[in-house]
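All remarks here apply to the structure that follows.
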Amino acid sequence: MLRIAVVGSGPSGVYAAQTLVQQREVPGVRVDVLDRLPAPYGLVRYGVAPDHEKIKSLQGSLRAVLEDERIRFLGNVEVGGEALPSARLLELYHAVVYCVGAARDRLLGIPGEDLAGVHSATDFVAWYSGHPDAAAAAFDLAGVGSAVVVGAGNVAVDVTRILARGAAELAPTDMPQPALGALAESGVRAVAMVARRGPSQAKFTTKELRELGTLPGVDARVEPAELALDPAYADPGAAAALPAVARRNVEALRGWAEGGATGAPRAITLRFYLRPSEVLGGPDGRVTGVRFERTAPDGLGGVTGTGTYEDVPAQLVLRSVGYRGVPLAGLPFDPVRGTVPHAAGRVLRAGRASVGEYVAGWIKRGPTGVIGTNRPCAKETASSLLQDAGRLARRELPGDPVDAMRAAGLRPVEWPGWLAVEAAEAELGRSLGRRSVKIPDWDGLLDAAGRT
Ligand code: NAP
């Protein structure tokens, strides 16, 4: 038997586990999927926006994998800490596949970034998604009239949409009650989503962009003069030569430019060719706006500064400029790429493949791509591991790793514990007159998991 630990129960971890047990070359593979949280599914549970129910429903297929009899879910198990260092994990299993994602946000590196009212989109997403680490965060939106979102990727679109949507529209989702309450009190009337490059270079996908233009009670605006700065927008011939997503984005934005304001109570404005140079604050230390430098295309896909500036007022600023991986104690890390060095998924230590250690997902390739991108990525890693299986399986293992975890003071939440959390969330929803509602704090989750 080959016993493997997969660390992380998001899409990359679950796809890795699935590939490992479903292949036929190496019989008798058993996989434990470990997660620091008592709940599975990673960013599908804690990152996909609550109003994107179709993507959320992917949880159903991830669940089917985790219920496979050859796979065991072990939540509430932190790897890399004192109780379970990575070296110890490797003693308990023949191989370990790290699928730990990219947990942190990137910084802008400009003055004023630490003012009150400036947050990462990652923290905002974690808060409205009920991530237990964000339980203490309190986004008070009552005093916010205008918000600025810096960045033009799909996360920027998500946070812009959630800020602009009415709480009534979000009530049918599983958003935790405190976040829903804060959104119900929100004073936000204007959200500016600001890109440093042009419309043809935006990172968001067209479906997500179009959705922003169809929110009830929200005007979607662009500044036609800013769109026209983009040569690929101004010249229909150049637009036709763009990659498909960029071309469709440009066409969607053309539609926005042609539509007039409807007088809706809230507005989303997409701004282009503005790069943040300073976050502005008042004497009370709270953010009052962002100073942007106007940029111009450099003809090579980048931009140059023009030396002219524009201040955009805001009482809330969310920077949404991408995720980055964090080092896991005991694993090598490339601080520039924010990933673990690897060759076809085999972890490289000092340039050499380390026996029994693998990576998949964002910690392997960086925070890019959609959920489905993790499938081929996990397959590549699983295939490297299976090629090494003969060598890995020679080692005698101690007994059941769960006993060792318990002896080290960990309290793993197994599948029945997770099912008890699900039941408690359904019950919480019923008590609030809503569908299932997330339990957003550690104590609540562990308490519910204990009711098995
Ligand atoms: P992203 O797609 O990499 O977008 C990052 C954005 O930040 C880009 O517009 C980038 O502009 C901008 N940026 C970076 N540094 C900046 C700076 N210093 N100043 C101003 N702007 C800066 O990252 P993401 O939005 O976090 O998304 C991560 C991944 O998750 C993506 O693959 C995304 O598609 C995926 N995702 C998908 C969905 C969905 O499918 N619905 C939802 C959420 C996330 P430049 O292009 O100029 O660098």
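Order of listing sets the numbers, starting from 1, for every ligand and every atom in it. In this text, all values refer to a predicted model and were calculated from it rather than measured experimentally.
When the options F292, W362, Y323 are ranked by their closest heavy atom to atom 29 (C) of ligand 1, first place goes to W362. Nearest residue to atom 41 (N) of ligand 1 from R275, E208, E211 is E208 (criterion: closest heavy atom).
The single protein non-hydrogen atom nearest to atom 4 (O) of ligand 1 is G153 CA, 3.6 Å, given as residue, atom name and distance. If you check which protein heavy atom lies closest to atom 31 (C) of ligand 1, you get G369 O, 4.1 Å. From the protein, the heavy atom lying nearest to atom 7 (O) of ligand 1 is V321 CA, 3.2 Å. Scanning all protein heavy atoms for the shortest distance to atom 23 (O) of ligand 1 gives G322 CA, 3.8 Å. K203 NZ, 4.4 Å is the protein heavy atom nearest to atom 10 (C) of ligand 1.
At least one N/O-N/O distance between R196 and ligand 1 falls below 3.5 Å. Backbone and side-chain nitrogen or oxygen atoms of N154 are examined, and one is located within less than 3.5 angstrom of a nitrogen or oxygen of ligand 1. On a distance-only criterion, V370 and ligand 1 share no N/O pair closer than 3.5 Å. On a distance-only criterion, V155 and ligand 1 share at least one N/O pair closer than 3.5 Å. Remark: ligand 1 and T205 share no N or O pair separated by less than 3.5 Å (distance only, no angle test).
Under the 4.0 Å criterion applied to side-chain N and carboxylate O atoms, R430 and E427 are assigned as salt-bridge partners. A salt bridge does not link E425 to R435: none of the charged side-chain nitrogens sits closer than 4.0 Å to a carboxylate oxygen. Under 4.0 Å is where a charged nitrogen must lie from a carboxylate oxygen, and between R247 and E251 no such pair does. By the 4.0 Å N-to-carboxylate-O rule, E211 lies close enough to R165 to be salt-bridged with it. Between E78 and R36 there is no salt bridge, since none of the side-chain N atoms of the basic residue sits less than 4.0 Å from a carboxylate O of the acidic one.
Short contacts between ligand 1 and R197, defined as distances under 4.0 Å to a heavy atom of the residue, involve ligand atoms 45 (P), 46 (O), 47 (O). The distance from ligand 1 to the heavy atoms of S320 drops below 4.0 Å at these ligand atoms: 6 (C), 7 (O). Under a 4.0 Å criterion applied to the non-hydrogen atoms of T368, ligand 1 contributes the atoms 32 (O).
Remark: distances from the non-hydrogen atoms of P367 to ligand 1 include one below 4.0 Å.
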*Yes or no on salt bridge (charged side-chain N to carboxylate O under 4.0 Å, His left out) for R291 and E310, after CA distance, side-chain angles and deciding distance?*
CA-CA 6 Å; R291 178 160 297 159; E310 177 177 334; over 6 Å; no
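In this structure Y46 satisfies the side-chain hydrogen bond (donor to acceptor under 3.5 Å, both in side chains) test with no other residue, sequence neighbours excluded. Taking the side-chain hydrogen bond (donor to acceptor under 3.5 Å, both in side chains) definition, one finds that S277 meets it with nothing, sequence neighbours left out.
A ring-centre distance under 6.0 Å is found for F139 and F124.
Looking at D158 against ligand 1, only its side chain comes within 4.0 Å, counting heavy atoms. Contacts of A152 with ligand 1, taken as heavy-atom pairs under 4.0 Å, involve both backbone and side chain.
For the atom pair CZ (F272) and CG (D230), the distance works out to 8.5 Å, reported to the nearest 0.5 Å.
Between V100 and L328 there is a side-chain heavy-atom pair separated by less than 4.5 Å.
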